[in-house]
Student: 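Okay, here's the structure, questions in a sec.
Note on naming: letters A, B, ... go to the chains in the order of the sequence lines (proteins, then strands), and numbering restarts at 1 for each one. Small disclaimer: the values here were computed from a predicted structure and weren't measured.
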Amino acid sequence: MIEGLAAASIACALVAGAACVVQALRDRAVGVGLLAAAGVAELVLLAQVVGAVAELAGGQRAEQPAVFVLYLIGSVVALPLGAWWSLGDRSRWGSGVLAVACFAVAIIVVRLGQVWG
Amino acid sequence: MSGTRTSSGPGRILVTVYAIFAVAACSRSAVQIATEFDHARLAYLLSAFAAVVYVVATVALTRPGARWHRVAVAACATELAGVLAVGTASVVDSSAFPDQAVWSSYGSGYLFIPVVLPVLGLAWLRRTAARPDPSGDLNGDTSGAGIS
């Protein structure tokens with residue numbers, strides 16, 4: 001996996017998550033701004049998947065390959081699913097849902113780095 | 001409209017966290033059982049059991065109706081009992097749990113969320129319980145939904 005992209009995706013996820021918390025506290029539902037913030041994080045995560053797959057195809061091996069692949073999948077499905085679930089409740093609680101998804105992504109990427117080795 | 005649904009309002013966040021734990025616990029126990037089952041059978045079987053409980057709780061919390069409400073309560077109660085029992089057992093006899101399971105040490109590997117989650121779940125289910133219950137109501141519903 002690519003360290004720089006991991007750090008960037010964690011930063012993007014934490015910023016998006018913090019923005020979601022702020023909007024939830026202001027009693028705002030998920031809007032275009034929060035979706036865009038999550039979208040930026042998702043793009044970095046997708047770049048990470050491309051990079052990691054290229055490295056695996058090139059013969060590099062993760063310390064725990066199966067777990068690494070599961071975390072890799074989890075890292076890119078979490079935000080789309082979180083966004084979908086958050087849009088089902090057009091209130092501050094939807095923003096809270098997206099915040100949880102963003103923070104979960106940050107944790108997933110940290111774990112991704114740990115199982116890579 | 002959907003004010004008493006367990007998956008609206010704060011319940012929406014609750015379902016999110018339960019879903020994350022369902023996916024995490026399922027994946028983790030699948031990997032553990034597939035690759036290193038003999039390493040710690042008891043811990044891994046308990047992880048698998050925890051995974052099932054999380055899946056049931058997630059599904060039940062997203063479904064309307066009194067029956068699913070009871071299923072959700074049962075799942076959360078099972079989860080709370082499981083975390084407390086496994087947590088205590090893993091502290092008293094750590095040799096039985098050489099590898100971290102979801103519920104060992106009261107979920108310390110998961111920011112103690114496993115022990116807080118069922119308490120929040122049961123509290124939320126208690127708040128959303130009063131209205132769907134068809135038995136023994138005197139004056140009909142007070143939800144203001146206007147649908148009977």
Student: For the hydrophobic clusters of this structure (ILVMFWY residues joined by side-chain heavy atoms under 4.5 Å, transitively), does one cluster hold both B:V102 and B:F49?
Tutor: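 Yes, it is one cluster - the side chains of B:V102 and B:F49 are joined through contacts under 4.5 Å.
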Student: Is it true that A:V67 and A:V105 fall in one hydrophobic cluster, defined by side-chain heavy atoms closer than 4.5 Å?
Tutor: yes
Student: Which of residues 69-91 of chain A have a heavy atom under 4.5 Å from any heavy atom of chain B?
Tutor: A:L70, A:W85, A:G88, A:D89
Student: Hey, are the side chains of B:S8 and A:W93 touching, using non-hydrogen atoms and a 4.5 Å cut-off?
Tutor: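 No - every pair of side-chain heavy atoms lies 4.5 Å or more apart.
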Student: Could you tell me which portion of B:I13 (side chain, backbone, both or neither) has an atom closer than 4.5 angstrom to a non-hydrogen atom of chain A?
Tutor: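 For B:I13, the contact with chain A is made by backbone and side chain together.
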Student: What parts of residues 95-102 of chain A touch chain B if we use heavy atoms and a cut-off under 4.5 Å?
Tutor: A:G96, A:V97, A:V100
Student: May I ask whether B:L84 and B:V91 are part of the same hydrophobic cluster, defined by side-chain heavy atoms of I, L, V, M, F, W, Y residues being less than 4.5 angstrom apart, directly or through others?
Tutor: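 Same hydrophobic cluster.
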Student: Using the rule that Ile, Leu, Val, Met, Phe, Trp and Tyr join whenever any side-chain heavy atoms are under 4.5 Å apart, tell me whether B:L120 and B:I20 fall into a single cluster.
Tutor: yes
Student: Please rank B:T35, B:V23, B:V15 by heavy-atom pairs under 4.5 Å with chain A and give me the top one.
Tutor: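 Looking at each of B:T35, B:V23, B:V15 in turn, B:V15 comes out on top.
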Student: Grouping I, L, V, M, F, W and Y whenever their side-chain heavy atoms are under 4.5 Å apart, do A:V110 and A:L112 come out in a common cluster?
Tutor: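 Yes, A:V110 and A:L112 fall within the same hydrophobic cluster.
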